[in-house]
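Since this is a predicted model, take the numbers as computed values, not measurements. The basis for the numbers below is simple: all heavy atoms, side chains too, and nothing from hydrogens, waters or symmetry mates. Numbers here are sequence positions counted from 1.
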Amino acid sequence: MQIISVIVPVYNVEKYLRQCLDSIINQTYRNLEIILVDDGSTDSSGIICDEYAQIDARIKVIHKENGGLSSARNAGLDVCTSGGDFIAFVDSDDWLEPDMYETLHDKMIKYKADIVNCGYYREYKKYREKCAIGQDSVYMGADVVEKSYSSPYVCYAVWFKLYRKALFDEVRFPVGKNYEDMAIFFSVFEKAEKVLIISECLYHYRQRKSGIMAEKFNEKQLDIIYICREHLNYVGKKYPKSLDVAKKKKISSEKYILNAILISGSNNSHLVTELRCEIRIKLKFILCTDLFGLYEKIILLLVTSNLWLYRKLLMMKRKSVKFDFFE
């Protein structure tokens with residue numbers, strides 16, 4: 001039976017770690033190499049990792065100084081020594097359906113795919129959101145990268161995918177950057193000959209107040225714009241058919257950062273002006289493309305024409321939505 005190496009970066013998640021690890025060790029696919037990377041935790045997370053290693057021989061534990069998510073994942077990749085055939089990643093505050101790896105593995109073998117991507121649930125305290133394609137889809141051939149890049153169901157995140165190990169032979173996550181999954185997208189997908197997207201939701205993505213996507217604005221979040229800018233240049237040269245998609249992703253990242261600044265009340269008037277100018281320059285594209293819906297076009301037009309009203313609407317919408325994050 002082929003080995004799946006499961007890499008789990010761990011940092012100060014004592015409250016959720018047992019649920020995560022239980023969901024991994026109880027997988028119906030048994031031939032796992034489970035690599036827990038304790039990234040300098042200051043709570044009992046490291047102790048919990050060692051405890052699980054005592055009860056399950058498939059678990060390896062690495063204790064290291066805190067270096068961030070990329071550093072922890074890279075440490076896991078560097079010690080995949082069991083000759084594993086496949087690589088998977090799990091965030092240590094999330095959990096899996098019991099048959100996740102059996103399903104992904106069987107689909108990968110059946111379709112001879114290099115990457116298999118499942119659906120997932122965004123888990124809030126009292127409700128969940130389903131994120132999945134309607135039916136299985138296969139991307140292959142010369143345009144596998146462009147189709148994957150353009151698909152809203154592939155996304156950048158590594159945690160709801162199964163990869164052939166060879167795809168990561170010369171790839172590592174960029175240390176010190178946020179949105180590290182985005183940064184490695186082309187390096188990994190350009191090696192793939194076939195990508196399979198399946199409709200089953202098999203991963204549970206816990207929404208936390210402390211997560212990057214939930215926190216207030218800080219300058220590290222600008223990494224998303226820098227990466228989208230790099231992608232735009234790269235796509236323009238190598239995948240021109242996807243250039244409009246790259247433009248949309250960059251515009252969306254600029255709007256995302258603008259929202260974060262306005263919501264947090266940060267004193268970044270220069271950056272706000274710069275972001276509005278960037279969006280204003282692309283207004284013709286925004287209004288003419290089918291990639292943005294009518295509502296999105298109106299909102300982006302408002303961003304460039306009336307910031308006071310846009311901020312007012314943004315804050316009203318935020319107050320009307322009950323955020324139900326985990327701690």
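Contact check for L104 versus L196: no side-chain heavy atoms found under the 4.5 Å cut-off.
Ion pair E33/K60 flagged as a salt bridge, since at least one NZ, NE, NH1 or NH2 atom sits closer than 4.0 Å to an Asp/Glu carboxylate oxygen. Using a 4.0 Å cut-off between charged nitrogen and carboxylate oxygen, D244 and K249 do not count as a salt-bridge pair. Look at R18 and E51 and you find a salt bridge, because one of the NZ, NE, NH1 or NH2 atoms lies within 4.0 Å of a carboxylate O, short of that distance. Salt bridge absent: E254 and R276 never bring a charged side-chain N and a carboxylate O closer than 4.0 Å. In this structure, D114 does not pair ionically with K165, as no charged nitrogen and carboxylate oxygen lie closer than 4.0 Å. D169 has no carboxylate O lying under 4.0 Å from a charged side-chain N of K191, or vice versa, which leaves the two without a salt bridge.
Between Y205 and F160, the ring centre distance reaches or exceeds 6.0 Å. Not less than 6.0 angstrom separates the ring centroid of F189 from the ring centroid of Y139. Here the two rings, on Y203 and Y121, have centers that are 6.0 Å apart or farther. Between H105 and F86, a ring centre-to-centre spacing shorter than 6.0 Å is recorded.
Residues D50 and H63 bring a donor and an acceptor atom of their side chains to less than 3.5 Å of each other. A donor-acceptor pair shorter than 3.5 Å cannot be found between the side chains of Y101 and D106. For K161 and N117, the side-chain atoms include at least one donor-acceptor pair closer than 3.5 Å. Using modelled atom types and a 3.5 Å distance limit, the side chains of T28 and E102 yield a donor-acceptor pair. Residues S44 and E14 have side chains that bring a donor and an acceptor to within less than 3.5 angstrom of each other.
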From CA spacing to verdict: side chain to side chain donor-acceptor pair (under 3.5 Å), Q19, R206: CA-CA 12 Å; Q19 181 183 17; R206 193 187 306 271; 2.6 Å; yes

Before giving the answer on salt bridge (charged side-chain N to carboxylate O under 4.0 Å, His left out), spell out for E278 and K250 the whole-Å C-alpha distance, their side-chain angles and the decisive distance to 0.1 Å. CA-CA 10 Å; E278 285 290 323; K250 182 171 181 289; 3.3 Å; yes

Can Y11 and D43 be said to form a side chain to side chain donor-acceptor pair (under 3.5 Å), step by step? CA-CA 8 Å; Y11 180 71; D43 65 1; over 6 Å; no

Walk me through it: do S150 and K241 pass the test side chain to side chain donor-acceptor pair (under 3.5 Å)? CA-CA 10 Å; S150 302; K241 288 192 294 184; over 6 Å; no

Apply salt bridge (charged side-chain N to carboxylate O under 4.0 Å, His left out) to residues K107 and D136 and explain how you reach the verdict. CA-CA 10 Å; K107 294 274 189 177; D136 293 1; 2.9 Å; yes

Check step by step if side chain to side chain donor-acceptor pair (under 3.5 Å) holds for T42 and N12. CA-CA 6 Å; T42 56; N12 288 358; 3.1 Å; yes

Are D85 and R164 close enough, and set up right, to give a salt bridge (charged side-chain N to carboxylate O under 4.0 Å, His left out), and what steps lead you there? CA-CA 6 Å; D85 303 279; R164 290 197 182 274; over 6 Å; no

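The ring pair (Phe, Tyr, Trp, His ring centres under 6.0 Å) test with Y149 is passed by exactly one of F186, Y239, Y234: F186.
Taking CD1 from I263 and CG from N259, the interatomic distance works out to 5.5 Å, rounded to the nearest 0.5 Å. Of the inter-residue distances, the one linking T304 atom OG1 with L302 atom CG reads 8.0 Å to the nearest 0.5 angstrom. Residue M315 holds its CE atom at 11.5 Å from OH of Y310, rounded to the nearest 0.5 Å.
Heavy atoms from other residues, nucleotides or ligands lying under 6.0 Å from NZ of K125 number 12 at most. Environment of CD in Q2: crowded, with over 12 heavy atoms of neighbouring residues, nucleotides or ligands closer than 6.0 Å. Surrounding NZ of K177 are at most 12 heavy atoms belonging to other residues, nucleotides or ligands under 6.0 Å away. The local environment of CG in N267 is sparse, with at most 12 non-hydrogen atoms from other residues, nucleotides or ligands closer than 6.0 Å.
Ring planes of F89 and F173: perpendicular class, angle over 60° (limits at 30 and 60°).
Of all heavy-atom pairs between L77 and V171, the closest is CD1-O, 4.0 Å. Taking every heavy atom of both residues into account, V175 and S70 meet most closely at CA-CB, 3.8 Å. Closest approach of S41 to D38, counting heavy atoms only: OG-OD1, 2.8 Å. Of all non-hydrogen atoms in K297 and L287, the two that sit nearest each other are NZ-O, 3.0 Å. Nearest heavy atom pair, residue P240 against residue G236, reads CB-O, 4.2 Å. Between E123 and F326 the shortest heavy-atom distance is O-CE1, 3.4 Å.
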